**Q** 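Once you've had a glance at the structure underneath, I'll fire off some questions.
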Amino acid sequence: MKLLTRINDLPPELAATVTAEETAFVESLKAKGILPFAVTPFYANLACAAGIAPEIRRQFFPSPEEDRILPYELDDPLGEARYRVAPRLVHQYHDRVLLLANGTCAGYCRHCFRRSWTSTLQGFITDEELKPIQAYLVSHPEVREVLVSGGDPLMGSDEKLERLFIALRAARPGILLRMGSRMPIMAPERISGGLVRLFRAYRPLRLILHINHPQELAQDVRAALGRLIESGIPVHTQTVLLRGVNDSGQVLAELFRELLNLGATPYYLFQGDLAPGTSHFRVNLERALFIYKELTNLISGLGLPVFAVDLPGGGGKVHLHPGIIEGEETDAAGQTWYLLRSRSGEPWRYPKEL
Ligand SMILES: *Cc1c(COP(=O)(O)O)cnc(C)c1O
């Protein structure tokens with residue numbers, strides 16, 4: 001897959017919008033070890049299909065604001081390391097495991113919460129790396145589902161994906177596969193007839209699509225989702241609440257309504273994680289709850305995803321609703337925190353941001 005990795009590769013009308021400060025920042029990414037710049041021609045074109053769409057541009061074009069790292073931002077915001085049971089395998093919740101099958105993506109979302117890992121550009125999982133994972137699955141029959149994520153697992157060829165599916169099913173026949181991907185949005189042509197046949201052959205298999213804005217539902221994207229859904233592959237979605245992209249009840253309602261009409265099920269709306277250099281994307285939690293309330297009033301229950309946050313440092317995924325904030329406290333450094341409860345009921349903090 002051909003990716004655009006330099007400003008000069010971008011469509012001219014988009015390249016023309018890049019400031020000197022942005023150029024300098026893009027050129028400094030490698031030396032600073034920050035998530036690289038890469039985007040598919042398809043997604044870059046989407047950013048300038050009908051004039052510049054800031055909601056699309058903002059998601060893939062690096063911003064000098066990423067240089068601002070807050071003291072409470074974490075390399076491992078979800079605390080996955082404490083639940084790692086084998087390299088690339090995370091077992092946090094009773095009956096499902098998370099597998100980091102591949103470290104690269106077709107385009108790097110600037111809000112990526114796993115950016116510390118994706119910036120290392122690990123390749124597709126090897127047969128050797130799969131062995132301890134197979135052993136773990138064999139000895140943990142309580143695990144009924146594997147979330148195949150990354151990076152984007154669909155960066156792997158159909159052949160590599162099939163080897164992975166064979167290995168997982170050899171360890172545990174019939175185990176549910178949940179594929180996490182942004183590929184239908186970034187490169188809809190990747191959802192080929194061959195890939196759809198492969199998915200069909202390894203059911204039960206579901207796709208969870210990362211999608212954030214109604215403009216991402218371009219004609220080719222709709223066609224790709226149609227190929228999956230009409231072939232009997234259930235498609236669910238997850239969306240990240242992003243300042244300057246989709247932080248409005250109306251925009252989210254439009255997105256979820258369109259998805260519902262296409263036959264995809266909105267599953268999660270996520271509050272921003274505390275990944276390094278992503279504060280310009282996060283929405284203040286109280287405002288986020290207000291937006292979600294607004295959304296609730298605008299859309300059918302069928303199209304309403306669960307609003308959730310992964311509490312920083314391993315507090316787990318917690319569903320959010322008005323009343324979830326139990327209080328506030330300010331620490332010695334002057335930072336104010338919202339008080340919530342972790343998944344297991346312990347008091348847990350999430351920063352109060354602007
Ligand atoms: C989100 C997540 C899951 C899946 O949780 P669901 O609530 O089933 O969507 C599993 N493992 C990890 C580590 C996760 O972060």
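Side chains included, hydrogens not; waters and symmetry mates left out as well; all remaining heavy atoms used. What you are looking at is a predicted structure, and each value in this text was computed from that prediction instead of being measured. Both counts, for ligands and for their atoms, begin at 1 and track the order of listing. Residues take their numbers from the sequence shown, with the count starting at 1.
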**Q** Can you establish whether the number of heavy atoms outside Lys32 located under 6.0 Å from its atom NZ is more than 12?
**A** yes
**Q** Do Thr239 and Asn212 get their side chains close enough for a donor-acceptor pair, meaning under 3.5 Å?
**A** no
**Q** Heavy-atom contacts with ligand 1 below 4.0 Å: which residues, ordered by chain and residue number?
**A** Val90, Gln92, Tyr93, Arg96, Leu98, Leu147, Arg178, Tyr267, Tyr268, Lys317
**Q** Any Lys/Arg nitrogen of Arg58 or Glu55 sitting under 4.0 Å from an Asp/Glu carboxylate oxygen of the other?
**A** no
**Q** When rounded to the nearest 0.5 angstrom, what is the spacing between CD in Glu145 and CG in Leu98?
**A** 10.5 Å
**Q** Please report whether the ring centroid of Tyr338 lies less than 6.0 Å from that of Tyr350.
**A** no
**Q** Hey, which of Phe42, Tyr108, Tyr43 is the one that makes ring pair (Phe, Tyr, Trp, His ring centres under 6.0 Å) with Phe60?
**A** Tyr43
